[in-house]
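The analysis underlying the following values was restricted to heavy atoms, covering all of them including side chains, and did not include hydrogens, waters or symmetry mates.
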Protein chains: 2
Amino acid sequence: MSNLQTRRPAPTLEEVAAEAGVSRSTVSRVVNGSSQVSPEVLATVGAAIEKLNYIPNRAARSLANRQTMAIALVVPEETTRFFGDPYFAAIVHGITMGLEPSDYVLNLQLAGATSPSPKTMRYLLGGNVDGALVVSHHSGDHFLSSLDETIPVVFGGRPLRHAEQNSYYVDVDNAAAAAKGVDHLVALGRKRIATIAGPADMPAGIDRTEGWRRSLQNAGLPADLISYGDFSMVSGARSMRELLDRAPDLDAVFVASDLMATGAVSVLRERGLSIPGNIAVMGFDDSPAAIGGDIQLTTVHQPSIEMGRRMAETLLALLRGETPERICIMETRIVQRESA
Amino acid sequence: MSNLQTRRPAPTLEEVAAEAGVSRSTVSRVVNGSSQVSPEVLATVGAAIEKLNYIPNRAARSLANRQTMAIALVVPEETTRFFGDPYFAAIVHGITMGLEPSDYVLNLQLAGATSPSPKTMRYLLGGNVDGALVVSHHSGDHFLSSLDETIPVVFGGRPLRHAEQNSYYVDVDNAAAAAKGVDHLVALGRKRIATIAGPADMPAGIDRTEGWRRSLQNAGLPADLISYGDFSMVSGARSMRELLDRAPDLDAVFVASDLMATGAVSVLRERGLSIPGNIAVMGFDDSPAAIGGDIQLTTVHQPSIEMGRRMAETLLALLRGETPERICIMETRIVQRESA
DNA sequence: CTGAAAGCGCTTACAG
DNA sequence: CTGAAAGCGCTTACAG
């Protein structure tokens, strides 16, 4: 910032109008792509804009038309977890791609696992964003209800709370996807199939566990080996140890996220167990974590990037006043690699 | 968004003034914490604000005082890498903490490894943010120069380009820190010490390599075993394989980031080499990646969270018109765990 | 298709 | 310590 004070002020609509010899209204129209402008005027004004390097003032625009052109990305999650899981990377990647063609900017709102700060609340509810994208929410996230009542919101993953029954969201059929994953282990001939589950206060946690249970019941196998993690690598390792201690005859494990599976794999190696020889491992996500380690994870693929993109597109549609599908359920599939 | 259209408009300054029986100017003063207000009026206005649940309109405020109260977080990096490395988690965590007490919001600008989109450029240069924080920049990031000339910018890590010679930044002494790490390996009696280096277009990559070289030279050891990675886990694995093939007598490796070290460790295990028995591994960062795997990494600790916080604080100071230290170099130390 | 005018909700000298 | 007034840079009916 070599010359903070010597910068000359940015050109205004007024100046462009003067340059082009038209009224401010007209310039505003061309800036906003109105069709009500004659070709000649359009050209003249365009040239003036070009010449002066005019960029509309966001604040003035917002004040006049009551749109902020900002979207909040709300993450009710600890920073560490948010950044620690490649799954989020994919979602956010998709979101930024989906927002790219629009004029909206993305405001990052790390809410913390419990509830957001008063400052964040005021920001979100105070008309500072036109809409919000919520990723990774827990059942305890009460505050989201009030958000949902104030501005358009699109969730990544089915909201759990009753108050959010009419919410927009994009998700996969977690139960069916998990069942499909466990079916694969069953087809491999495994008999003692455990699960390292996700948190019981998150839909993705609950539903994947439900899928595991359902598949085992269909196969007439016991569904008693479950240990809960929090989607982190260390929790995956912890759960794997616990499961191994509890059931030494274990021959397969369905893990609710690739990151947890990575932790589980390290414990398996530590104990000298071969994968999938002794124990087959099925992950979930198909995130970079699945292929980052020394053993390539067989896993249930969900299109995380696409999901992020769809979230953005749905919100954009809502903001345009359209009525997109309230629920978008995307496809999953098994990706077979080395671990099962 | 149950009732997008039925919401009643938010209260304005005007209404608060009416409620309190004072002028708009006065309400504005109390909202902005001016000392020029009598205690009684302060109380009355405060009550009115409370009663109406008044929240100042950001756009109007920005338009009037020419401040956006927004800060851009610019990441000239692929989304995948940004989210894949826990180091960034720590930095961003620190940044959000540093910004917390302020009224600034953080706008996420993923710039892509090459250069940002025209849209992003216009946004950044068009007066939409009051300042910017830049993390992980490469020597090829030309666009940053223009940014730096337009608004206050604080870099995470020493900028490489000449045009940014006067930039503000917070960093560690990467060369000294790396040398310290390698000294530790030397003290362990290791003779063939390789390095898995960071990218040669990033200061952190260059300087850590320099530190490795310096330490080896001091010890009279050859500094010929080097393989470049890109700070990702897979690149760490790739480099480890290459080094092993090139020099089977290797007995230690200094890895420029914990995440790369994690990849290296998996290759070492794959080859049946014991750590640190056969090969000692020294990481860098002391991020969660150092303790997430099955072997706890000995590593060079840098205070990433604090660095993020300092970045935020420095920018805040700049925005207040103060003149903080241009360069902030923070302490590092060796954290000894299992791998060396 | 184009322009004059009012208005969006604040801040900020300027008086007093 | 307080208020009247101008102004920030746009958009948007309303006329024509």
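Val135(A) places a side-chain heavy atom less than 4.5 Å from the side chain of Met311(A). Taking the side chain as every heavy atom from C-beta outward, Met69(A) and Val105(A) never approach each other to under 4.5 Å.
In this structure, the nucleotide among dT2(D), dG9(D), dT2(C) sitting nearest to the side chain of Val37(B) is dT2(D). Proximity note for Ser23(B) (side chain, C-beta onward) versus dG3(C), dG3(D), dT11(C): the nearest is dG3(D). Of the candidates dG9(D), dT2(C), dT11(D), the closest approach to any side-chain atom of Asn65(A) belongs to dT11(D).
Residues Tyr54(A) and Leu42(B) both approach DNA chain D. Their nearest nucleotides, taken by heavy-atom distance, put Leu42(B) toward the 5′ side. Nearer the 5' end of DNA chain D, as judged by each residue's closest nucleotide, is the contact made by Thr26(B), out of Ala64(B) and Thr26(B).
Across the protein-nucleic acid pair, Asn57(A) atom CG and dC8(C) atom P stand 18 Å apart, rounded to whole Å. Across the protein-nucleic acid pair, Leu63(B) atom CG and dG9(D) atom C1' stand 5 Å apart, rounded to whole Å. Glu40(A) places its CD atom 10 Å from the P atom of dC1(C), with the value rounded to the nearest Å. Between the P atom of dC10(D) and the CZ atom of Arg61(B) lies a distance of 21 Å, rounded to the nearest Å. Residue Met69(B) contributes atom CE, which lies 15 Å from atom P of dC10(C) at whole-angstrom precision. Atom CG in Leu52(A) sits roughly 14 Å away from atom P in dG9(D) (whole-Å rounding). Rounded to a whole Å, the CG atom of Leu13(B) is 13 Å from the C1' atom of dC8(C). To the nearest angstrom, C1' of dC1(D) lies 16 Å from CG of Asn32(B).
One finds a side-chain N or O of Ser38(A) lying less than 4.0 angstrom from the OP1 or OP2 phosphate oxygen of dT2(C). For the OP1/OP2 pair of dT11(C) and a distance below 4.0 Å, the side-chain nitrogens and oxygens of Ser28(B) include at least one atom meeting the criterion. Not one side-chain nitrogen or oxygen of Ser25(B) sits closer than 4.0 Å to the OP1 or OP2 atom of dG3(D).
Here the straight-line distance linking atom CD of Gln36(A) with atom OG1 of Thr26(A) works out to 11.0 Å at 0.5 Å rounding. Of the inter-residue distances, the one linking Ile91(A) atom CD1 with Ile95(A) atom CD1 reads 6.5 Å to the nearest 0.5 angstrom.
Residue side chain Arg29(A) reaches the base of dG3(C) through a donor-acceptor N/O pair under 3.5 Å, judged by distance alone.
Look at dC14(C): its Watson-Crick or wobble partner, with both distances under 3.5 angstrom, is dG3(D).
As judged by a 4.0 angstrom heavy-atom cut-off over every strand, Arg66(A) is placed among residues touching the sugar-phosphate backbone only. In this structure, Val31(A) reaches neither bases nor backbone, as no heavy-atom distance under 4.0 Å exists between it and the strands shown.
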Review point. Passes side-chain contact (heavy atoms from CB on, under 4.5 Å), Arg29(A) versus Val22(A)? Steps please.
Key: CA-CA 11 Å; Arg29(A) 287 191 192 96; Val22(A) 297; over 6 Å; no

